[in-house]
Structures are given as C-alpha cells and as structure tokens.
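Worksheet: the structure to be examined is printed underneath.
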Amino acid sequence: MGKLIIFSAPSGSGKTTIVRELLKRFDCFEFSISATSRQPRGQEQDGVDYYFLSNEEFRSRVERDEFVEWEEVYAGTCYGTLKSEMERIWSKGNVIVFDVDVMGGINLKRLFGDDARSIFIMPPSVEELERRLRGRGTDSEEVILKRIAKAEFELSKAEHFDFTVVNDVLEAAVDETSKIIENFLK
Ligand code: ADP
Ligand code: 5GP
C-alpha cells in the first residue's frame, strides 16, 4: 500500500485550484479520478476530470462492490472512488491525491490511517465562498444555492481533518499546504 493525501472543502473554497498547483510541484502526485453520476461541466472530459457514469451504471458498480467509498454528495448526484483507480496509481509508485466531499474525506482517513493525511481547505468566509461560486460561472443558480446551503454543515466537520488551511491569498495557501505535504513525504 502507498500513501495518500485527501483534500476536502465546501465547493467553491478553491480546493481544485490548490490541488492543480500542487500537482505541478510534486512529481510523485497523481490525482484520483472519481466516478460521478453528474453531467460534465464546462471543459470537463471523461477519464480526465471524472469517470462520468449514468445513474444505472453507478448503482450497478456500487452493487458489485467496486468502490472504496462513495457518497450521494448532492440529492440525486453520487460521487465515489473506484478501487481500480487507487490500484492504478499505486501500481506506478505514485502518491494518490483525493478531492472528495467532507464525509468521503473522513471515511478515507479512517480507512487508511497513518498512510493518509487529510487537509481541509477553508474559505475566508461564507460570503467569499458565495462570491467564488458565482465568479466561477460554471453552475446554475439552483446548484449554487444547494452548495451554499451545504457549506455550514461541511465547515462544522473541519475538526475531523489532520490539518485546516485557510485559502485567503492563494499563494500563501499553496505554500502552507506544500509544507504539510513535504513533512508527510519525508
Ligand atoms: P472548489 O474546487 O473548492 O470547488 P475552485 O478551485 O473551483 O473551488 O475555486 C472556486 C473559484 O474561486 C474559482 O473561480 C477560482 O479561480 C477561485 N479561487 C480559488 N482560490 C482563490 C483565492 N485564494 N482567492 C480568490 N479566488 C480564488
Ligand atoms: P463537483 O461537482 O464540484 O466536481 O464536486 C462536488 C463534490 O463532490 C466536491 O465536494 C467533491 O470533492 C466531491 N467528490 C468528488 N469526487 C468524490 C469522490 O470520489 N467521493 C466523494 N465522497 N466525494 C467526491
């Protein structure tokens, strides 16, 4: 078994932006491509950003026990980590980087213990979170409101993570996260 790093945050906190920067800094990092039952958004590609599955396909893979963990993150929309995806990355000797919802993050940490570090990316405020979600310009008003409504619950789970990093100034947040990772990989 190899190592893994787990990132969770309310949607819009800047987790994807931070993870993209870290993937450039750490050669051994490989992003765990999750499966989801939602439709691709913007420029997203199947097999790159997600494995996009129909609801039926997602459900049948759950029944075949193909997931390490999965969650219905938003009503009617499921996301999960396939066992085959973790094996694919570890077989190359790489460190797996996860971008999962808070419950997925807590579950992965529980499953992998000391081989994992879990990092919660915190927005400076809920108002700023809302600004970022709107500024991203990729989601409908309905989706934005669903995500903001969930943020309070997600923020209350930060204490279950190994580390919390506030993403106010992006570069500072990336530097702080890099230091946590360097210590873990030493
Ligand atoms: P998440 O993956 O957590 O949903 P994203 O990485 O997509 O969030 O970021 C949401 C939006 O906020 C994007 O438009 C991104 O460019 C912007 N953003 C990310 N970090 C910062 C920051 N530190 N300051 C201002 N805007 C940011
Ligand atoms: P988005 O639709 O913005 O890409 O992602 C919505 C949420 O689903 C984010 O909080 C993201 O971290 C989470 N997510 C993505 N993949 C997984 C996964 O494999 N498992 C779990 N539990 N959550 C995931």
Side-chain angles (χ1 to χ4, degrees), residues 4-23 31-46 48-53 58 61-62 66-86 88-89 96-112 116 118-140 142-151 153-155 157-158 160-161 164-177:
L4 52 137
I5 299 175
I6 304 153
F7 289 93
S8 297
S11 180
S13 303
K15 175 175 35 112
T16 308
T17 309
I18 290 173
V19 169
R20 280 208 191 109
E21 283 304 311
L22 295 169
L23 286 166
F31 184 65
S32 166
I33 303 168
S34 296
T36 181
S37 65
R38 80 156 163 75
Q39 298 290 316
R41 180 170 76 197
Q43 302 297 307
E44 286 177 338
Q45 288 174 29
D46 185 45
V48 177
D49 301 282
Y50 281 106
Y51 300 113
F52 293 100
L53 307 178
F58 200 100
R61 289 188 179 222
V62 169
E66 291 184 23
F67 286 99
V68 183
E69 62 80 34
W70 69 276
E71 296 284 331
E72 185 173 350
V73 178
Y74 302 105
T77 310
C78 296
Y79 298 80
T81 305
L82 291 162
K83 292 176 182 170
S84 58
E85 179 66 6
M86 294 188 68
R88 182 182 74 77
I89 297 173
I96 311 180
V97 177
F98 288 93
D99 170 345
V100 292
D101 87 310
V102 291
M103 295 318 293
I106 292 168
N107 286 335
L108 283 169
K109 174 67 189 178
R110 196 181 296 136
L111 283 170
F112 295 99
S118 61
I119 303 174
F120 189 93
I121 305 295
M122 177 90 85
S125 64
V126 175
E127 291 71 29
E128 175 61 16
L129 182 77
E130 187 165 350
R131 248 192 307 279
R132 288 183 190 174
L133 280 172
R134 293 188 194 288
R136 187 165 70 184
T138 52
D139 300 292
S140 66
E142 188 198 345
V143 169
I144 289 174
L145 292 177
K146 260 198 213 176
R147 288 173 186 230
I148 294 164
K150 196 161 186 200
F153 162 79
E154 293 168 323
L155 290 169
K157 298 288 175 196
H160 298 286
F161 285 72
T164 296
V165 172
V166 179
N167 179 23
D168 187 357
V169 176
L170 180 62
E171 271 188 22
V174 173
D175 284 345
E176 188 181 343
T177 315

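When a ligand or atom number is given, it counts from 1 through the structure's own listing order. All residue numbers refer to positions in the sequence shown, counting from 1. Just the heavy atoms: all of them, side chains too, but no hydrogens, waters or symmetry mates, feed the values below.
Which of Glu128, Arg132, Arg147, Glu171 comes nearest to atom 18 (N) of ligand 1 through a heavy atom is settled by distance: it is Arg132.
The closest protein non-hydrogen atom to atom 2 (O) of ligand 2 is Tyr79 OH, 2.6 Å. Counting only heavy atoms of the protein, atom 11 (C) of ligand 2 lies nearest to Asp99 OD1, 3.6 Å. Nearest protein heavy-atom contact of atom 13 (C) of ligand 2 is Asp101 N, 3.5 Å. Counting only heavy atoms of the protein, atom 20 (N) of ligand 1 lies nearest to Asn167 ND2, 3.1 Å. Of the protein's non-hydrogen atoms, Val73 CG1, 3.9 Å is the one closest to atom 7 (C) of ligand 2. Regarding atom 15 (C) of ligand 1, its nearest protein heavy-atom neighbour is Thr17 OG1, 3.7 Å. Counting protein heavy atoms only, atom 7 (O) of ligand 1 is closest to Arg136 NH1, 2.9 Å. Remark: minimum distance from atom 20 (N) of ligand 2 to any protein heavy atom is reached at Glu69 OE2, 2.7 Å. What sits closest to atom 8 (O) of ligand 1 on the protein, heavy atoms only, is Gly14 N, 3.1 Å.
Polar contact with ligand 2: present for Arg38 (N/O pair, distance under 3.5 Å). Some N or O of Lys15 is nearer than 3.5 Å to an N or O of ligand 2, by distance alone. The distance criterion of under 3.5 Å between nitrogen or oxygen atoms is met by Gly80 with respect to ligand 2. Residue-to-ligand polar distances keep Arg136 apart from ligand 2: every N/O pair is separated by 3.5 Å or more. Polar contact with ligand 2: absent for Glu44 (N/O pair, distance under 3.5 Å). The shortest N/O to N/O separation between Ser34 and ligand 2 falls below 3.5 Å. Backbone and side-chain nitrogen or oxygen atoms of Val100 are examined, and one is located within less than 3.5 angstrom of a nitrogen or oxygen of ligand 2.
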Practice task
Apply the test side chain to side chain contact (heavy atoms under 4.5 Å, CB included) to residues Thr17 and Asn167: give CA-CA distance (whole Å), side-chain angles for both, the deciding distance (0.1 Å), then the verdict.
Solution key: CA-CA 10 Å; Thr17 309; Asn167 179 23; 5.8 Å; no
Problem - side chain to side chain donor-acceptor pair (under 3.5 Å) evaluation trace for Thr138 with Arg136 - result: CA-CA 6 Å; Thr138 52; Arg136 187 165 70 184; 3.2 Å; yes
Exercise for the section: Report the C-alpha distance between Trp70 and Arg61 in whole Å, list the side-chain angles of each, state the deciding distance to 0.1 Å, and finish with yes or no for side chain to side chain contact (heavy atoms under 4.5 Å, CB included). Expected result: CA-CA 11 Å; Trp70 69 276; Arg61 289 188 179 222; over 6 Å; no
Exercise for the section: Take Met86 and Phe98 through the side chain to side chain contact (heavy atoms under 4.5 Å, CB included) test and state the conclusion after the steps. Expected result: CA-CA 10 Å; Met86 294 188 68; Phe98 288 93; 3.9 Å; yes
Problem - Steps toward side chain to side chain contact (heavy atoms under 4.5 Å, CB included) verdict (Arg41, Tyr50) - result: CA-CA 10 Å; Arg41 180 170 76 197; Tyr50 281 106; over 6 Å; no
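With Glu66 contributing its side chain and Leu82 its backbone, the two residues share no donor-acceptor pair below 3.5 Å. A side-chain donor-acceptor contact under 3.5 Å links Asp46 to the backbone of Phe52. At least one donor-acceptor pair under 3.5 Å links the side chain of Ser37 to the backbone N or O of Cys78.
Glu128 has a carboxylate O that lies under 4.0 Å from a charged side-chain N of Arg131, or vice versa, which qualifies the two as a salt bridge. Salt-bridge formation is detected for the pair Glu44/Arg38: a Lys NZ or Arg NE/NH1/NH2 atom is positioned less than 4.0 Å from an Asp or Glu carboxylate oxygen.
Contact atoms of ligand 1 toward Asp168: 22 (C), 23 (N), 24 (N) (distance under 4.0 Å to a heavy atom of the residue). For ligand 2, the atoms closer than 4.0 angstrom to any heavy atom of Glu71 are 22 (N). Of all atoms in ligand 2, listed by their number and element, those nearer than 4.0 Å to a heavy atom of Arg147 are 1 (P), 2 (O), 3 (O). Ligand 1 places these atoms under 4.0 Å from at least one heavy atom of Thr16: 1 (P), 2 (O), 6 (O).
A distance of 10.5 Å separates CD1 in Ile18 from CG in Asp175, rounded to the nearest 0.5 Å.
No part of Met103 comes within 4.0 Å of ligand 2, judged by heavy-atom distances. Residue-level proximity to ligand 2 for Tyr74 is carried by the side chain, the only part with a heavy atom below 4.0 angstrom. At a heavy-atom distance under 4.0 Å, only side-chain atoms of Tyr50, from C-beta outward, approach ligand 2.
A heavy-atom separation below 4.0 Å is found between Gly12 and ligand 1. Put simply, part of Ser11 is less than 4.0 Å from ligand 1, judged by heavy atoms.
No more than 12 heavy atoms of other residues, nucleotides or ligands lie within 6.0 Å of CZ in Arg20, so this atom counts as exposed by the packing criterion.
Paired with Pro10 under the rule side-chain contact (heavy atoms from CB on, under 4.5 Å), one option of Leu129, Asp101, Val102, Ile148 passes, and it is Leu129.
Figure legend: Lys150 and Tyr74 shown as a cation-pi pair, the cationic atom lying under 6.0 angstrom from the six-membered ring centre and within 45 degrees of its axis.
Checked against the 6.0 Å centroid threshold, Tyr51 and Phe58 do not count as a close aromatic pair.
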